[in-house]
Amino acid sequence: MQNTEKVRIHAVDALRGFALAGIVIMHMVEQFIAAPRPTAAWDIEATLLDKVVNGLVFFLIGGKFFSMFALLFGISFAIMMRNAAQRGQSFSGRFLWRLSILLIFGMLHTLIYRGDILSLYATLGMILPLFFNIPNRWLWALTLALFLGLGRYIFFLITGKSTFLDYPLAPDSPAIIAYVNLLKTGTFTEVISENFTHGFTSKFDFLFGIFGRAYVTVGYFLVGIWIVRVGLADRIDQATPLLKRVLKWSIAALVLSYISMFGAFSLLPTPPDMATWGFAFAITFYDTANIATTAIWVCAFLLIFFKWRAGWNLALADYGRMALTNYLLQSVIGVLLLHGWALGLLGKLHDWQTLLMAFAVIYVQVKFSQWWLARYHYGPMEWLWRCATYFRRVPLRRTAPTSAELPVQTDN
């Protein structure tokens with residue numbers, strides 16, 4: 001493998017590692033509740049520093065870094081399908097089986113943390129083979145429709161409601177307060193039972209209701225397919241002019257989106273009635289602001305990655321190569337620290353403290369990833385996923401432990 005190809009592949013995994021770091025920051029600052037924060041269930045008052053930290057995390061990370069994962073998921077799917085087609089094979093069946101395994105991982109993960117994204121990607125990913133060969137103009141037409149809120153408008157037009165459930169996804173909702181109190185005081189069995197009985201329904205509501213996270217996620221999948229289809233994934237290290245143009249246009253789109261969002265929300269009553277067309281339009285502008293911010297993060301990261309090649313590049317690449325393992329491990333660490341059946345720190349920590357905890361988790365996981373991949377080809381969960389996908393035990397221990405010289409996996 002030539003050096004330029006190594007750099008390009010490492011860039012993809014480093015971007016995945018970067019996204020993973022953002023996700024653990026978001027989850028740790030929200031204290032792994034996967035719900036709006038109810039003041040009534042919090043034991044301490046927010047300080048000015050807390051408000052600054054929370055605001056910056058929400059503005060810079062919330063709703064942005066999961067989307068990088070979705071984009072990379074679409075890229076990985078398209079690469080696997082393309083490579084199989086070049087061998088004269090079809091990967092659709094194997095891909096659906098692979099997602100079925102991922103869905104099992106995600107469902108088990110949801111039992112301890114309701115904010116799981118694996119089950120979302122696995123479920124929505126099942127439709128991707130249908131879009132792999134459609135013309136680019138239709139691919140982009142569907143992507144733009146999803147990004148501009150088509151899914152939520154159809155939902156609201158049919159139901160006239162903001163959610164499937166009987167309670168709003170708001171901090172002062174009695175159901176939200178009760179759930180957070182359960183996380184603070186409940187036993188492990190009680191939390192598992194609650195997440196099993198209501199965790200999936202509340203997630204379904206957030207994904208397919210007026211907030212429409214699922215529709216935007218599919219849009220990112222489709223953009224990932226396009227990136228591979230036009231060959232951009234194969235020459236991303238040569239795409240500096242394009243990255244700079246996209247960065248400039250994304251900044252302009254971000255400004256326009258925020259102006260439109262603030263204008264739309266200002267026309268709503270306080271508190272806003274979510275079951276209105278006005279709220280649906282306001283949330284769409286929020287989505288476009290997140291999409292623009294995601295594009296800014298991706299372009300800026302890649303430009304920095306290719307300009308300043310240093311040890312952190314490979315460190316993030318190793319972190320991203322073990323994304324599945326590290327993502328699940330983040331949740332295990334988070335719930336052990338915060339939930340009541342373990343250390344029980346939920347609601348007792350300031351946001352600046354949980355931010356520092358997130359940085360500590362990232363540092364430890366990066367070091368662990370480097371140590372592990374110097375000795376093994378895949379992370380533990382990545383290896384298990386691969387074995388289950390191909391119905392055979394693939395080699396795990398490497399014979400020549402030189403992480404930087406090995407190609408990065410793009411299908412985990």
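Y153 and F281 have tilted rings, their planes meeting at an angle from 30° to 60° on a 0 to 90° scale. A tilted orientation is assigned to the rings of F95 and F77, their planes being inclined by 30° to 60°. Using the six-membered ring where Trp is involved, Y327 and H109 have ring planes that are perpendicular, over 60° apart on the 30 and 60° scheme.
E30 pairs by the salt bridge (Lys or Arg N to Asp or Glu O under 4.0 Å) definition with nothing, not counting sequence neighbours.
In this model, no donor atom of one side chain and acceptor atom of the other lie less than 3.5 Å apart for N290 and T293. In summary, the side chains of T276 and D273 do not present any donor paired with an acceptor at a separation below 3.5 Å, with no hydrogens or angles considered.
Atom CD of E45 has 12 or fewer neighbouring heavy atoms from other residues, nucleotides or ligands inside a 6.0 Å radius.
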_Applying salt bridge (Lys or Arg N to Asp or Glu O under 4.0 Å) to E382 and R321, what does each step give before you reach the verdict?_
CA-CA 9 Å; E382 287 78 7; R321 288 179 63 197; over 6 Å; no
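Ring centroid separation for the pair H198 and Y179 does not come in under the 6.0 Å cut-off. Checked against a 6.0 Å centroid threshold, the rings of F65 and W297 count as neighbours. Side-chain rings of F262 and F285 stay apart, their centers remaining 6.0 Å or farther from each other.
Nearest heavy atoms, M322 versus W372: SD-CD1, 3.8 Å. Scanning both residues, L99 and G125, for their nearest heavy atoms gives CD1-C, 3.3 Å.
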